[in-house]
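Worksheet: the structure to be examined is printed underneath.
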Amino acid sequence: MSEPATAEPSAAHRTSTSEQGSFCSARCTCGWRGPARRARSLARDDAAGHEAAASGRPLT
């Protein structure tokens, strides 16, 4: 099951989350993959952090 991580993904970095068993992880079209998390919200935060870092925006 995948869902968009943010409402406004950048053109080069489109992230989503994927589930495997009890774990959820964020991944990006650039090949980046976040750590496996038990909480979907943490995986979405990982994805948002990756997009922010890739676009040069400060993390809030």
(request) Take Q20 and S25, measure what side chain to side chain contact (heavy atoms under 4.5 Å, CB included) needs, and give me the verdict at the end. (result) CA-CA 8 Å; Q20 185 170 1; S25 62; over 6 Å; no
(message) Could you walk me through whether T17 and R40 satisfy the side chain to side chain contact (heavy atoms under 4.5 Å, CB included) test, starting with their C-alpha distance in whole Å, then the side-chain angles of each, then the deciding distance to 0.1 Å, before giving a yes or no?
(response) CA-CA 8 Å; T17 57; R40 287 185 194 104; 5.9 Å; no
(request) Start with the C-alpha gap between S18 and R27, add the side-chain angles, then the distance that decides, and say whether side chain to side chain donor-acceptor pair (under 3.5 Å) holds. (result) CA-CA 8 Å; S18 62; R27 33 181 90 194; 3.1 Å; yes
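Look at R14 and E51 and you find no salt bridge, because none of the NZ, NE, NH1 or NH2 atoms lies under 4.0 Å from a carboxylate O.
For S41, the side-chain contact (heavy atoms from CB on, under 4.5 Å) partners are A39, R44, not counting sequence neighbours. Take R37 and apply the salt bridge (charged side-chain N to carboxylate O under 4.0 Å, His left out) test, not counting sequence neighbours, and it matches D46.
C28 places none of its side-chain heavy atoms less than 4.5 Å from the side chain of R33.
Ring geometry for H50 against H13 counts as perpendicular: the plane angle is over 60°, on a 0 to 90° scale with 30° as the lower cut.
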